[in-house]
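Reckoned from all heavy atoms, side chains included, excluding hydrogens, waters and symmetry mates. Just so it is clear, the model here is predicted, and its values are computed rather than measured.
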Amino acid sequence: MKKIAIFAFAITLLATSCKKEEKTEAPVEETTEATPEVVSLKIVSDSTKVNWTAYKTTDKVAVGGSFTAISLKDTKEGETPEAVLEGASFSIPVSSVFTNNPERDEKLKQFFFSVLKDTELIGGVINFKEGKTVLTLTLNGVTQSVDVTSKFENKKFTVDGVINLEDFGAQAAVESINKACYDLHKGADGVSKTWSEVAISGSVLFE
């Protein structure tokens, strides 16, 4: 009986020593890549500017000015200026015209803007179509689409273009201001001329 017990113990010991060791693997930690934060551009308050350049005399001498009040509405959230400004509307009170010459400012209000059908506001909408920047501008009760160039540098978005006042039926206003400034718009040839062509420029800052 003792021999049987010893034999059974030996068999158990042998079986235990021949058993394969079970490997335990360390749990794999799941890693997730951080999603880049989307940063929307924001327009800097009161940063919208509108400048213009008119021309006088047959030598086409430039006369620069601006508007000190511009209202920009219907902007959106976006990562680019185009996304923010698509479909945005703007209105400009003509009473805010500024040329750094009070006498000239009053003449423009009295003899140019007062002759237009809408004597208070210039309005428009900005759109981006097929890689182009387009202003839909309303002046003298006439709405026209104007292609402009645009760029975004150093957080400043700018547009530049040229309009012809004849396209807006504003020739009477051009003639009116030329008559009021007849001698001032004379060149060396003695001819008084006020051009219907006006260069326009707008800008807005982002943060």
Side-chain angles (χ1 to χ4, degrees), residues 47-72 85 88-129 131-151 153 156-204:
S47 68
T48 307
K49 308 292 182 186
V50 173
N51 300 300
W52 52 265
T53 303
Y55 304 96
K56 65 179 183 178
T57 79
T58 53
D59 291 330
K60 207 174 184 180
V61 175
V63 178
S66 64
F67 293 99
T68 58
I70 306 98
S71 175
L72 185 63
L85 295 171
S89 62
F90 58 88
S91 60
I92 305 169
V94 299
S95 60
S96 69
V97 67
F98 178 76
T99 64
N100 203 32
N101 183 323
E103 183 180 352
R104 180 189 293 141
D105 295 347
E106 288 305 314
K107 283 186 176 181
L108 284 169
K109 294 174 187 177
Q110 182 178 355
F111 298 106
F112 180 78
F113 289 114
S114 68
V115 179
L116 301 176
K117 291 180 181 178
D118 188 339
T119 61
E120 296 182 1
L121 295 172
I122 299 171
V125 177
I126 184 169
N127 294 104
F128 303 92
K129 303 175 182 178
K132 295 181 179 180
T133 304
V134 180
L135 297 182
T136 303
L137 192 63
T138 300
L139 176 69
N140 194 39
V142 177
T143 300
Q144 295 280 355
S145 293
V146 181
D147 288 348
V148 295
T149 61
S150 63
K151 64 179 180 180
E153 292 180 351
K156 184 178 183 180
F157 181 78
T158 59
V159 297
D160 293 280
V162 177
I163 63 172
N164 192 318
L165 294 170
E166 291 183 4
D167 295 337
F168 295 87
Q171 193 58 29
V174 174
E175 293 172 357
S176 174
I177 191 65
N178 187 74
K179 183 177 180 180
C181 303
Y182 189 82
D183 290 331
L184 294 172
H185 289 199
K186 279 183 180 180
D189 57 4
V191 176
S192 181
K193 181 176 178 63
T194 301
W195 295 70
S196 59
E197 180 182 313
V198 180
I200 57 174
S201 176
S203 66
V204 63

Donor-acceptor pair, Ser192 side chain versus Tyr182 backbone, under 3.5 Å? yes
Which side-chain hydrogen bond (donor to acceptor under 3.5 Å, both in side chains) pairs, counting each pair once, include a residue from residues 103-125, with sequence neighbours left out? Thr99-Asp105
What is the minimum heavy-atom distance between Val148 and Gly161, and which atoms define it? CG1-CA, 3.9 Å
Are Lys56 and Trp195 in a cation-pi contact, defined as NZ or CZ under 6.0 Å from the six-membered ring centre and within 45° of the axis? no
Hey, is the main chain of Asp167 close enough, under 3.5 Å, to the side chain of Gln144 for a donor-acceptor pair? yes
Would you say Thr158 and Ser203 are linked by a side-chain donor-acceptor pair, where the criterion is simply a distance under 3.5 Å? no
Enter the distance from Thr48:OG1 to Phe90:CZ here, rounded to the nearest 0.5 Å. 11.0 Å
When rounded to the nearest 0.5 angstrom, what distance separates CH2 in Trp52 from CG in Leu108? 5.0 Å
Specify the closest pair of heavy atoms between Phe67 and Pro93, including all atoms of both residues, with the distance to one decimal. CD2-O, 3.9 Å
Whether Asp160 side chain and Thr149 backbone form a donor-acceptor pair below 3.5 Å: no
Given the options Val174, Val63, Thr57, Thr194 meets side chain to side chain contact (heavy atoms under 4.5 Å, CB included) only with Val174
The single option from Leu165, Val94, Val97 that satisfies side chain to side chain contact (heavy atoms under 4.5 Å, CB included) with Phe112 is Leu165
For Gly169, does its backbone N or O pair with a side-chain atom of Asn140 as donor and acceptor, under 3.5 Å? yes
Can you tell me how far apart NZ (Lys186) and NZ (Lys193) are? Round to the nearest 0.5 Å. 15.5 Å
